[in-house]
Amino acid sequence: MFEKSVAELSRALGSGEVSAVELAQLFLARIERFRAFNAFLDMRPEVTLAQARAADRMRAEGRATPLTGVPVAHKDIFVTRDFASTAASKMLAGYMSPFDAAVVENMARAGMVTLGKVNCDEFAMGSSNENSAYGNVANPWNPGAVPGGSSGGSATAVAARLAPAATATDTGGSIREPAAFSGITGIKPTYGRASRWGMIAFASSLDQAGIMTQSAEDAALIFNAMLGFDPRDSTSIERASEDYTRDLAMPVKGLRIGMPKEFFGKGLKPDVEAAVRAALAEYERMGAHLVEISLPNAELGIPVYYVIAPAECSSNLSRFDGVRYGHRASEYRDLADMIKKSRAEGFGPEPKRRILIGTYVLSHGYYDAYYLQAQKVRRLIADEFQRAFRECDVIAGPVTTSVAFGFGEKAADPVEMYLSDLYTIPGSLAGLPGMSIPCGFGDRGLPVGLQLTANYFEEARLLGVAHRYQQATDWHRRMPGGIA
Ligand code: GLN
């Protein structure tokens with residue numbers, strides 16, 4: 001039962017083959033058994049089981065949705081009333097929120113059962129989960145490899161089948177990159193589709209919630225409950241709710257798939273390129289047309305992102321001052337000293353680095369040279385995608401240049417680490433929906449992801465295109481050894 005997809009679990013719950021309580025117990029036991037992966041930060045079995053009992057009652061009373069009783073893990077970036085919410089930072093150790101994030105609330109309303117909170121990079125800053133204040137997360141495919149980041153706990157939870165689904169967040173690639181490194185399916189919707197209410201903010205103009213699952217079909221089922229307009233988030237987009245499963249059966253015959261030539265250039269490792277090209281050939285066999293497109297400014301994505309994201313983070317993280325939120329130093333001389341010591345003790349090195357960069361690029365005299373310039377290039381990149389979408393329906397390519405790297409391999413060199421998001425950041429800057437689906441294995445038997453990007457509000461099409469591939473292949477069903 002543990003290896004079943006959300007769709008399969010939904011059917012098993014519907015037929016009475018299994019109860020929500022039994023499922024919760026099964027996954028809680030697995031999480032305990034695989035403690036060494038360090039995927040979970042907070043578990044409260046009594047809370048989980050109470051939610052599962054309520055789900056079983058919903059089913060018994062005929063009030064069930066397809067997701068009622070399906071377990072889910074939440075990235076520790078979403079605040080939750082019944083579990084601690086830390087953003088994997090010492091700054092928020094033990095913090096109990098008075099409310100649930102909108103995404104958590106939406107999924108709970110559908111009857112999903114929370115297994116616990118999962119590890120991530122501190123304030124979602126990172127690409128390997130090595131920036132968590134609570135330790136590294138193992139990649140179940142290879143204990144020496146990182147699971148990716150910042151949603152590393154979410155990725156490992158789904159890859160090791162400790163949860164059939166996990167929420168995640170993407171600012172520059174934190175859903176697609178860990179999904180690729182961990183051999184699972186991950187999708188971020190169009191910016192504004194998921195409410196950011198109750199999502200601990202990193203870079204507000206980029207942060208977007210999404211979901212990690214085994215398959216595109218599962219992601220579509222969850223999006224139906226998870227997404228939607230929320231007046232409490234001023235950047236939430238007011239659009240009628242839709243059925244994200246509606247295009248799952250749509251054939252890809254005649255679909256124009258754009259391959260950005262800049263994403264197949266130098267830097268891309270041969271093992272990743274081979275798996276991605278094989279996946280594109282599979283789409284061709286199914287009747288899709290491959291067209292070469294160009295995103296000439298995509299390579300500026302990283303420098304642009306590392307101006308805008310730190311700028312926004314330096315502002316967002318100012319609330320952690322030991323008064324309004326966060327850790328407070330135990331000894332201090334006066335107010336200024338208290339704030340200084342609290343922040344020095346509470347934040348790890350990566351948030352500190354970004355606060356410094358962000359404060360610098362926003363300061364008088366540098367604002368125009370850096371921040372404003374970065375915003376202009378951001379617009380150019382977004383416009384390039386719009387030009388590309390005149391020639392193609394979806395864009396496909398690699399998610400990362402290599403398969404998962406080893407612990408410590410990039411940790412000493414922040415710029416090297418930042419380059420991990422070379423192919424994912426342009427889509428994030430443009431606010432486009434994007435996903436990663438498993439498409440094979442590369443060096444050291446580690447998974448490779450195929451990145452698919454669609455135009456604004458075309459999540460249903462994106463999920464359909466991914467689903468057709470998953471109907472024709474079984475990469476998404478492969479499981480790491482040793483987790484049975
Ligand atoms: N790796 C990128 C960063 O460190 C993206 C993180 C994210 O998407 N949350 O900022």
Side-chain angles (χ1 to χ4, degrees), residues 74-78 87-89 103 118-132 137 146-155 166-182 186-189 191 194 196 199-212 301-314 316-317 347-358 361 374 378 399-402 404-405 409-411 413-436 449 451 453:
H74 289 299
K75 183 176 181 180
D76 209 16
I77 288 290
F78 297 95
S89 179
V103 157
V118 284
N119 209 340
C120 56
D121 281 302
E122 187 174 358
F123 290 101
M125 298 171 189
S127 303
S128 63
N129 215 121
E130 288 166 290
N131 295 336
S132 167
V137 176
V146 302
S150 64
S151 311
S154 308
T167 52
T169 62
D170 193 303
T171 303
S174 283
I175 295 177
R176 288 158 288 162
E177 188 248 23
F181 280 4
S182 304
I187 177 165
K188 77 165 279 275
Y191 180 84
R196 291 185 300 107
M199 223 170 89
I200 298 172
F202 160 15
S204 307
S205 76
L206 293 153
D207 296 345
Q208 193 58 200
I211 193 80
M212 288 177 164
I302 301 241
V304 164
Y305 175 89
Y306 280 100
V307 170
I308 294 174
E312 294 183 14
C313 112
S314 72
N316 274 324
L317 268 48
F347 287 130
E350 189 61 28
K352 279 180 188 159
R353 179 178 297 125
R354 298 199 188 192
I355 290 167
L356 286 173
I357 298 171
V361 300
R378 180 181 190 173
V399 180
T400 53
T401 53
S402 71
F405 46 89
E409 220 175 282
K410 299 193 177 180
D413 182 351
V415 175
E416 187 59 29
M417 185 71 86
Y418 294 171
L419 288 170
S420 311
D421 299 304
L422 189 61
Y423 304 141
T424 52
I425 277 180
S428 297
L429 288 169
L432 292 165
M435 73 188 294
S436 173
Q451 180 169 209
T453 304

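Ligands are counted one by one from 1 in listed order, and the atoms in each one are counted from 1 as well. Note: hydrogens, waters and symmetry copies are ignored here, and every other heavy atom, side chains too, is used. The residues of the chain are indexed from 1 along the displayed sequence.
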K.L.:
Return the minimal non-hydrogen interatomic distance between R196 and D207, and the atom names on each side.
P.N.:
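So the two residues come closest at CD-O, 3.2 Å.
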K.L.:
Given the side-chain rings of Y418 and Y305, with only the six-membered ring counted for Trp, is the space between their centroids under 6.0 Å?
P.N.:
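No - the distance between ring centres of Y418 and Y305 does not fall below the 6.0 Å cut-off.
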K.L.:
For residues I200 and F78, determine if any side-chain heavy atom of one lies less than 4.5 Å from a side-chain heavy atom of the other.
P.N.:
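They are not in side-chain contact.
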K.L.:
Checking S174 against K188: is there a side-chain donor and acceptor pair closer than 3.5 Å?
P.N.:
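There is no such pair (donor and acceptor under 3.5 Å, judged by atom type) between the side chains of K188 and S174.
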K.L.:
Residue by residue, ordered by chain and number, which ones reach under 4.0 Å of ligand 1 with a heavy atom?
P.N.:
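Residue list for ligand 1: A124, M125, G126, S127, S150, D170, T171, G172, G173, S174, F202, Y305, Y306, R354, D421.
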K.L.:
Can a cation-pi geometry be assigned to K410 and F405, taking NZ or CZ under 6.0 Å from the six-membered ring centre and within 45° of the ring axis?
P.N.:
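Positive - K410 is close enough to the ring of F405 and near enough to its axis.
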K.L.:
Can you name the residues that form a ring pair (Phe, Tyr, Trp, His ring centres under 6.0 Å) with Y191, not counting sequence neighbours?
P.N.:
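Ring pair (Phe, Tyr, Trp, His ring centres under 6.0 Å) check on Y191 returns nothing, list empty.
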